[in-house]
Amino acid sequence: AEPLTLERVKEDIQKAPEELRTGFSSLDRWISIPHRKFTLIASRPQHGKTTLMLNLLLNFCRNYPDHHFLYYSYGEPRQDVEIKLINMSSEKPFSAGEVEGVANNFKRWKYELKTRDLPTLKEKAEKDPEFKGLKNFLEISSRLHVIDSNYHIMDLLDSLRREIRAVCSSARRQSGS
């Protein structure tokens, strides 16, 4: 091991990758997220952990287009997380009129995804302002990986390794290297 010197500390700091910014200026003054590190957000139930994490995930995808992100959910099924991400990507909620008795956006997205075929959904994403959330989601979805298995800690670590290898392999294939 090398001895601790000011030169080495300076070099280490200069070589370190820039930490991820949250996308919330008031929060960015206080924290940043290290690259390639396991980051855990914890608090009491019903205090907004999922909402915070999904907003961070969307901000990261917008601000870091060359990165992939893993989201592990122990409390919600993957499909619910994905629908929340689509809904949160919307710039405009669905109009006030109900469709088939569905009044809120979460249930409306679930209804639309269940009843419409993919070509119709993709066409609506391009043309219909109420489906802008789906368009925004489709632009980033290939870089989002939502996993909803309740892993034991050792299995979680194995899963992280597998997911990271798969993401890196996919990114290399897409870039042609």
Side-chain angles (χ1 to χ4, degrees), residues 20-24 27 33 36-43 45-95 98-152 155-171 173-174:
L20 300 175
R21 309 309 289 164
T22 67
F24 298 105
L27 189 56
I33 309 296
R36 297 184 171 134
K37 301 290 183 195
F38 186 80
T39 303
L40 181 68
I41 304 291
S43 77
Q46 302 294 310
H47 278 72
K49 295 178 298 294
T50 299
T51 301
L52 172 65
M53 287 304 302
L54 295 180
N55 276 293
L56 288 175
L57 194 59
L58 290 171
N59 286 350
F60 289 157
C61 284
R62 288 184 204 108
N63 296 331
Y64 301 97
D66 297 333
H67 290 67
H68 286 253
F69 299 93
L70 304 175
Y71 180 86
Y72 283 79
S73 173
Y74 274 50
E76 289 189 79
R78 185 179 72 209
Q79 70 183 28
D80 288 358
V81 172
E82 292 163 346
I83 291 171
K84 284 181 179 184
L85 287 165
I86 293 169
N87 192 44
M88 293 168 79
S89 297
S90 298
E91 295 168 9
K92 172 185 176 182
F94 283 109
S95 58
E98 287 188 27
V99 174
E100 300 287 325
V102 175
N104 71 43
N105 278 350
F106 181 83
K107 287 182 180 176
R108 173 73 186 271
W109 277 116
K110 210 169 195 172
Y111 169 82
E112 294 291 344
L113 291 163
K114 188 180 278 190
T115 61
R116 294 192 190 274
D117 60 42
L118 283 176
T120 302
L121 284 168
K122 288 179 180 180
E123 182 180 330
K124 283 191 155 297
E126 289 298 322
K127 296 180 179 174
D128 187 336
E130 287 187 316
F131 283 74
K132 181 80 185 252
L134 182 57
K135 179 180 181 179
N136 293 341
F137 176 77
L138 290 171
E139 291 171 358
I140 62 170
S141 63
S142 65
R143 297 182 294 111
L144 292 173
H145 308 269
V146 178
I147 300 100
D148 65 350
S149 298
N150 291 336
Y151 291 108
H152 178 274
D155 296 330
L156 175 62
L157 293 172
D158 289 340
S159 172
L160 280 166
R161 287 184 194 104
R162 279 191 309 275
E163 291 292 334
I164 290 168
R165 273 191 230 108
V167 165
C168 291
S169 176
S170 174
R173 281 194 304 275
Q174 289 176 359

Parallel, tilted or perpendicular: which describes the rings of Phe60 and Phe69, with under 30° parallel and over 60° perpendicular?
parallel
Plane angle bin for His67 and Tyr64 - parallel if under 30°, tilted between 30 and 60°, otherwise perpendicular
perpendicular
Inter-residue atom distance [X].[atom1] - [Y].[atom2], 0.5 Å rounding:
X      : Y      : atom1 : atom2 : result
Arg162 : Leu157 : CZ    : CG    : 10.5 Å
Lys110 : Asn87  : NZ    : CG    : 12.5 Å
Leu134 : Leu113 : CG    : CG    : 6.5 Å
Thr50  : Leu57  : OG1   : CG    : 11.5 Å
Glu123 : Asp117 : CD    : CG    : 9.5 Å
Leu85  : Trp109 : CG    : CH2   : 12.0 Å

When you measure from the side chain of [X] to the backbone N and O of [Y], does any donor-acceptor pair fall under 3.5 Å?
X      : Y      : answer
Asp148 : Ser73  : no
Ser159 : Asp155 : no
Ser169 : Arg165 : no
Asn55  : Thr51  : yes

Heavy-atom closest contact ([X] atom, [Y] atom, distance):
X      : Y     : value
Tyr71  : Met53 : CE1-CB, 3.7 Å
Glu163 : Tyr72 : CG-OH, 3.6 Å
Asn136 : Ser89 : ND2-O, 2.8 Å

So [Y] and [X], do their side chains get closer than 4.5 Å, heavy atoms only?
X     : Y      : answer
Cys61 : Leu144 : yes
Leu56 : Leu52  : yes
Asn63 : Arg21  : no

With a 4.0 Å cut-off, would you call Arg108 and Glu112 a salt bridge?
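Yes.
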Should Lys84 and Glu76 count as an ion pair when the cut-off is N to O under 4.0 Å?
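Counted as a salt bridge, because a side-chain N and a carboxylate O are separated by less than 4.0 Å.
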More than 12 heavy atoms of other residues, nucleotides or ligands under 6.0 Å from CZ of Arg78: is that the case?
no
With a 6.0 Å cut-off (strictly less than), is the heavy-atom count around NZ of Lys49, excluding the residue itself, greater than 12?
yes
